[in-house]
Amino acid sequence: MDAVIEAQRVSLTFQTADGPVHALKDVDLAIAPGEFVSFIGPSGCGKTTFLRSVAALETPTSGRLSVNGMEPDAARRARAYGFVFQAPGLYPWRTISGNISLPLEIMGFSRSERAERVARVLDLVELTGFAGKFPWQLSGGMQQRASIARALAFDADILLMDEPFGALDEIVRDRLNEALLALWRKTGKTIGFVTHSIPEAVYLSTKIVVMSPRPGRITKVIDSPLPPERPLEIRDTPEFIALAHEVREGLREGHGYD
Amino acid sequence: MTDAVLNAPQARRLRLHTGDLLPILTVLLVIVAVWYLGAIRMNAAWERDQAARAGVQLTTSELVSRTLTQDRPVLPAPHQVAQGLWEGVAGQAVTSRRSLVWHAWVTLSATLAGFGIGTALGIVLAVGIVHSRVMDLSVMPWAVASQTVPILAIAPMVIVVLASVGVTGLLPKAIIAAWLSFFPVLVGMVKGLRTPDGMQLDLMRSWSAPKTRVFWNLRLPSSLPYLFASLKVAIAAALVGTIVGELPAGATAGLGARLLSGSYYGQTVQIWSALFAAAILAAVLVALIGLIERTVLSRMGLAR
């Protein structure tokens, strides 16, 4: 199977006043269609930088990065991905449906098609009935669901998520994780998910990429043995605990370099 | 789907409570009392002088009552100013040259024209500055410099230069008003158009949005709270500019002309009435913008 996202010896160095910062160093990774890939590691390990490079929001200084067989920049113009940030970033002056249809307006979809798509993605994130509400009328978790709906609205095959639930409390987070898994199974999208929560990464992913800082690099790639069907209780099974342990060991090894 | 839908937060409004009345009235009374005392003190010298010449001895109560009823007091008493205002507003036909309403209208029309020009100029320059580093570097220093020159020095030059090319009347005053009012709009809009943070701009980039879209859908709506704050400053500045513009021309119309002719003839009551008319006009204009601001921002969900 052809990789959707493929990185070969990707490096990215930021020039700062304190000298060069090696955000990414020789990153090799291939992500197959339909995979749910989590990037985990301490801050400064380059997990967000890698995701942003895939989204063409950063440009690698060397190496080859392809998205859907294209340069990241071309892939973005071809609407290859939807991006979800840590904050919902909804416009207070637009309703929920107005927010979701904004990228569709920018991309030139017709009015009727916008309405049809907004209704569909609102249903996907279970926000039907909230279309006419303004963002401040919704809880933080609902706002983030709306921002996921916005990223899904234009039918990108890839969903890139940069710590999307990082600012939410644990109870809301659990529910959103469950909802995200259900959504992933239903849509078959490829998901790149940055987190620094081990349970979150283990619960969601088919593949866990463990990264470490200075220079930012991949120290371990773990394929999850867990079945695709994952009730929340799976977190108490020995398999889950063993996998979480493996990720923790990977993170610890990464730190051992320093 | 159990997430609670939060209740709409009540829009915060300026509401007068009965408890607030006492301090407000106290301050007002103190101001009026200080004013009366000042009027008595400042006008007393002339009355004593008159009495001495006439060889009469004034009792304190006679002195006080005379200081408050002079025709040309050094400092008119509050009730004299109120009376002057009332006569100027209600005592004349609005088309009369002695009507404050007519003079206020002359000033107001130039103020609004200047405010319009200044606001448009401020917004256009701000848009340019936000989108172009070159403009930021080349235009901003001149905008700042324009405000460091005293308007009293600029105003006569503008009037004279424009008069020499045959432009008189409303336009020269409006240009001086615009000179003062474009700057707050420029500064506020530059700040406002730059409020969208990195994440919001990245979102737009992730949709490959062109710059025009970023402007109309993100930057402009985000800047509106800043725009309205600037507009309040700008309209008051435009009024000041217009009045200053009415001074050097030897103009015969407008609140500025009223101030000037009052000072020529020692008509202090007229000066103070014109001053208060200008202050009331400014307050009404600022309140009007405040009203538009509240309406627009609360409809946009930005006023909370």
Side-chain angles (χ1 to χ4, degrees), chain A residues 52 54-58 73-95 98-99 102-108 125-130 133-145 147 150-151 153-154 156 160 162 171-172 175-176 179, chain B residues 1-13 123 131 188-189 191-229 231 292-304:
Chain A
R52 289 175 61 86
V54 173
L57 295 174
E58 307 284 355
D73 211 46
R76 177 175 71 198
R77 282 195 299 273
R79 299 172 205 159
Y81 71 86
F83 206 105
V84 179
F85 290 87
Q86 183 168 3
L90 301 169
Y91 294 175
W93 53 88
R94 281 178 172 245
T95 59
N99 269 288
L102 178 64
L104 302 176
E105 285 168 32
I106 290 171
M107 293 165 185
V125 299
E126 299 176 13
L127 278 180
T128 310
F130 293 92
K133 298 281 185 210
F134 283 93
W136 52 267
Q137 294 174 299
L138 269 58
S139 68
M142 294 169 93
Q143 289 186 23
Q144 196 55 293
R145 286 214 301 267
S147 89
R150 181 178 54 189
F154 45 93
L160 302 173
D162 186 7
I171 300 163
V172 175
R175 202 163 51 230
L176 287 183
Chain B
M1 208 52 28
T2 52
D3 303 32
V5 174
L6 306 174
N7 283 325
Q10 291 296 313
R12 209 164 50 83
R13 287 251 162 70
I123 292 176
H131 286 97
M189 276 308 269
K191 174 80 182 159
L193 292 172
R194 281 180 178 157
T195 38
D197 58 22
M199 191 205 79
Q200 283 176 310
L201 293 173
D202 278 346
L203 254 179
M204 278 287 187
R205 265 177 80 191
S206 79
W207 304 326
S208 307
K211 269 190 168 185
T212 49
R213 275 293 188 171
V214 178
F215 179 77
W216 289 109
N217 290 124
L218 177 59
R219 286 191 193 274
L220 194 65
S222 314
S223 73
L224 286 187
Y226 293 85
L227 175 65
F228 280 113
L231 289 184
I292 300 170
E293 173 183 34
R294 267 204 301 282
T295 317
V296 172
L297 294 190
S298 70
R299 282 193 59 162
M300 287 178 63
L302 288 173
R304 260 174 293 141

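In what follows, chains carry the letters A, B, and so on, assigned in the order in which the sequence lines appear, proteins first and then strands, with residues in each chain numbered from 1. Here the structure is a predicted model, which is why all the values come from computation and not from measurement.
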Drop me the distance from B/Asp202's CG to A/Phe85's CZ, to the nearest 0.5 angstrom. 4.5 Å
Looking at B/Arg213 and A/Glu105, what are the two nearest heavy atoms and their distance? NH2-O, 3.4 Å
Option in B/Met204, B/Met199, B/Gln200 with maximal non-hydrogen atom pairs under 4.5 Å from chain A: B/Met199
So which atom in A/Ile106 and which in B/Pro210 form the shortest heavy-atom distance, rounded to 0.1 Å? CG2-CD, 4.3 Å
Taking all atoms of both residues into account, what is the closest heavy-atom pair of B/Gly301 and A/Pro92, and its distance? O-CB, 3.8 Å
Under 4.5 Å from any heavy atom of chain A - which part of B/Leu218: both
Given a strict heavy-atom distance threshold of 4.5 Å, which part of A/Ala56 is in contact with chain B: side chain, backbone, both, or neither? backbone
For A/Arg79, is it the side chain, the backbone, both, or neither that has a heavy atom closer than 4.5 Å to a heavy atom of chain B? neither
B/Ser206 and A/Leu57 have their tightest heavy-atom pair at N-CD2, 4.5 Å
Using the rule given for side-chain contact (heavy atoms from CB on, under 4.5 Å), can you reason through A/Trp93 versus B/Leu224, listing the C-alpha separation, both sets of side-chain angles and the distance that settles it, and then say yes or no? CA-CA 11 Å; A/Trp93 53 88; B/Leu224 286 187; over 6 Å; no
Give me the atom names and distance for the closest heavy-atom approach of B/Arg205 to A/Arg76. O-CD, 3.1 Å
Of the listed A/Phe134, A/Tyr81, A/Phe154, A/Tyr91, the one with the largest count of heavy-atom pairs under 4.5 Å with chain B is A/Tyr91
I need the B/Trp207 CH2 to A/Arg150 CZ distance, nearest 0.5 Å. 4.5 Å
